[in-house]
Amino acid sequence: MIADLKPYAAYKDSGLPWLGQVPAHWDSERAKWLFTKMDRPVRGDEEVVTCFRDGMVTLRKNRRLRGYTESTVFSGFQGIRKGDLVIHGMDAFAGAIGVSDSDGKGTPVYNVCQPKPGIDAHYYAYLIREMSRSQWILALAKGIRERSTDFRFEMFGNQRVPLPPLAEQAAIVRFLDWANGRLERAIRLKRKTIALLNEQKQAIIHRAVTRGLDPDAPLKDSGIPWLGETPAHWEVRKLKFEMSFRGGGTPSKGNPAFWNGSIPWVSPKDMKSDVIRDTEDHITERAVAESSTNLVPAGSLLMVVRSGILQRSIPVALCNREVALNQDMKALISKGRIDLEYFVLFVRGCEKRLLRVWTKQGATVESIEHQYLANTKVPIPPIGEQRLIVRQLAVEIEPQTNTISRLEREIALLREYRTRLVADVVTGKLDVREAAARLPDEAPLPDAADADEADLEPVDDAEDP
């Protein structure tokens, strides 16, 4: 059905630089004539509604995510109603735009817009997210902090936007909801396969880093309750005797002399591969000299020690060059008896246990405590055996690693295709009216609470600073 889509019969120039041509029968209008900005009082003990960067606007409790800034004072919060178009004033550039599925209250940072008669809020949520993707919002908005903007209703309201007939707005929404549902299901199936392959890898790694490669090697009690027996010739030592540790910090964002230098500055967002070769942000030598960040030598092991992702995993990587760290990171530097490539595998193979050992257990797990990390007892094979384990595991897990890489590429292609499809449909480059009319009724996607957190980025609910 998607492959059969064709352009409209006739087009005209929209007069909008980010939009180009639109179907000849579409009108355009300033957004302020299509929506009314609401400023409702909060009703009683309403729950908090959060606007996420994937376009979902829902009660916070519906999303099993950590990482937003918790507001303790709700003065200034506003009422939000189901069906409102919500535009995050500071994160709209990143896609935090959608239609609320619930009544509740939200931060004053949100632009809460009620559609006027003849307007489908879901169509305009798709459209404005496309304005975000094309960086039109970023160009309009005034930047006030790193990776953020100040996009107020006045800016949005003064923009001319396309105005298809209401029935056509609804057809576009129906088609895109259906197409997105099919693509999302395909992505989730691939993610589930990746999760199973990662479990296989972890089991293989765990066996090797806790029992070695020789199944007939004599064993002894390691003295580590969660580990049990290890080969008799392995030592057991506290990590602080085998590693030195360095933390990090963030140079002042208000001092331009600290930023855009040549020194990679590692934060959790950079921990996406086994080896850190470069980073999104860079700092200067002056920043190192005059701030709380530290230089870490090449060859160090980098670990995320504070992040919502610690609910599920412990991101670790090696750096192949001298880097600096932010405060959510820690560097481990071997004193010579632990091969860091081996220790990366040890962390990955024992991740679930180490999360319990290294963190305070409570309602949430958000940080690795230094005293737990430093005082952890770990098994230490002879250095030559560690390196042999590294080489052997590279061979044993290669099939799973290759399959995971292929599936991740396929997911990236599906996401690219989805982005292009939404852009072409919502801006009138493809006509979906007939396709939408033929669509079957399908079961809805899983509830928001069941969404895959790895693909979502929570947005701060803090009040506008």
Side-chain angles (χ1 to χ4, degrees), residues 66-67 198 201-202 205-206 209-210 224 226-227 237-250 263-281 283 288 292-361 364-380 386 389-390 393 453-454:
R66 309 294 188 267
N198 276 323
K201 283 179 63 175
Q202 188 173 46
I205 293 169
H206 181 268
V209 299
T210 59
I224 304 172
W226 59 267
L227 188 57
R237 299 265 291 171
K238 287 187 176 180
L239 202 55
K240 65 183 177 182
F241 298 132
E242 304 299 332
M243 299 277 196
S244 58
F245 305 89
R246 293 189 191 176
T250 299
I263 300 171
W265 182 71
V266 185
S267 64
K269 66 178 179 286
D270 299 306
M271 299 287 284
K272 299 174 182 176
S273 61
D274 292 340
V275 179
I276 302 300
R277 295 179 172 84
D278 204 356
T279 55
E280 186 172 317
D281 301 300
I283 60 173
V288 174
S292 58
T293 194
N294 293 298
L295 284 179
V296 172
S300 300
L301 183 148
L302 309 183
M303 178 185 297
V304 175
V305 295
R306 189 172 65 180
S307 170
I309 200 172
L310 294 174
Q311 294 286 326
R312 304 181 301 277
S313 64
I314 305 172
V316 288
L318 300 176
C319 59
N320 71 346
R321 59 186 295 187
E322 190 175 56
V323 300
L325 306 177
N326 90 337
Q327 65 275 11
D328 298 329
M329 305 288 303
K330 193 174 290 292
L332 282 64
I333 304 167
S334 176
K335 295 180 180 180
R337 297 211 310 159
I338 296 181
D339 182 277
L340 289 179
E341 287 187 79
Y342 168 81
F343 195 72
V344 167
L345 292 171
F346 176 77
V347 172
R348 290 177 177 165
C350 303
E351 196 166 51
K352 292 179 182 178
R353 295 289 190 177
L354 292 174
L355 275 171
R356 291 186 174 274
V357 172
W358 289 348
T359 61
K360 288 182 179 179
Q361 296 301 303
T364 63
V365 177
E366 295 182 347
S367 65
I368 291 174
E369 303 296 321
H370 177 75
Q371 65 268 29
Y372 300 159
L373 175 65
N375 287 292
T376 301
K377 290 183 177 180
V378 297
I380 304 176
Q386 294 177 43
I389 289 172
V390 170
L393 282 177
E453 295 177 11

(request) Would you please name every residue forming a ring-ring contact (aromatic ring centres under 6.0 Å, His included) with F245, sequence neighbours left out? (result) H370
(message) Quick test of your reading: applying ring pair (Phe, Tyr, Trp, His ring centres under 6.0 Å), list the pairs with at least one residue in residues 313-343, sequence neighbours left out, ordered by first then second residue.
(response) F343-F346
Nearest atoms (heavy-atom pairs only) where [X] meets [Y]:
X    : Y    : result
L295 : R246 : O-NH1, 2.7 Å
S292 : G249 : OG-CA, 3.4 Å
L325 : L302 : CD2-CD2, 3.9 Å

Is [X] reaching over with its side chain to a backbone N or O of [Y], donor-acceptor style, under 3.5 angstrom?
X    : Y    : value
D270 : S267 : yes
S367 : E369 : no
S300 : V296 : no

(message) Out of the candidates I338, L340, V209, only one should pair with Q386 under the side-chain contact (heavy atoms from CB on, under 4.5 Å) rule; please name it.
(response) I338
(request) Sequence neighbours left out, what pairs pass side-chain hydrogen bond (donor to acceptor under 3.5 Å, both in side chains) with at least one residue falling in residues 346-355? (result) D274-R348
(message) Please check if the number of heavy atoms outside K240 that lie under 6.0 Å from its NZ is greater than 12.
(response) yes
(request) Please check if atom NZ in K272 has more than 12 non-hydrogen atoms from other residues, nucleotides or ligands closer than 6.0 Å. (result) no
Please list, chain by chain and in numerical order, all residues satisfying side-chain hydrogen bond (donor to acceptor under 3.5 Å, both in side chains) with [X], sequence neighbours excluded.
X    : answer
S313 : none
K330 : none
D328 : R306
D278 : H282

(message) Does any part of the side chain of V288, heavy atoms only, come nearer than 4.5 Å to the side chain of I263, both counted from C-beta?
(response) yes
(request) Kindly indicate whether the side chain of N375, heavy atoms from C-beta on, has any atom under 4.5 Å from the side chain of L239. (result) no
How long is the straight-line distance from [atom2] of [Y] back to [atom1] of [X], given to the nearest 0.5 Å?
X    : Y    : atom1 : atom2 : answer
Q202 : L345 : CD    : CG    : 11.5 Å
N198 : I205 : CG    : CD1   : 9.0 Å
M303 : I368 : CE    : CD1   : 5.5 Å

(request) Could you check T279 against K269 for side chain to side chain contact (heavy atoms under 4.5 Å, CB included), going step by step and ending with a plain yes or no? (result) CA-CA 9 Å; T279 55; K269 66 178 179 286; over 6 Å; no
(request) Just jot down the side-chain contact (heavy atoms from CB on, under 4.5 Å) partners of T250, sequence neighbours excluded, or say none. (result) K253, W259, W265, N326, Q327
Name each donor-acceptor pair under 3.5 Å that joins a side chain in residues 314-322 to protein atoms two or more places apart or in another chain, with its distance.
from	atom 1	to	atom 2	distance (Å)
R321	NH1	R277	O	3.4

(message) Checking E242 now: which residues fulfil salt bridge (charged side-chain N to carboxylate O under 4.0 Å, His left out) with it, not counting sequence neighbours?
(response) R237, R337
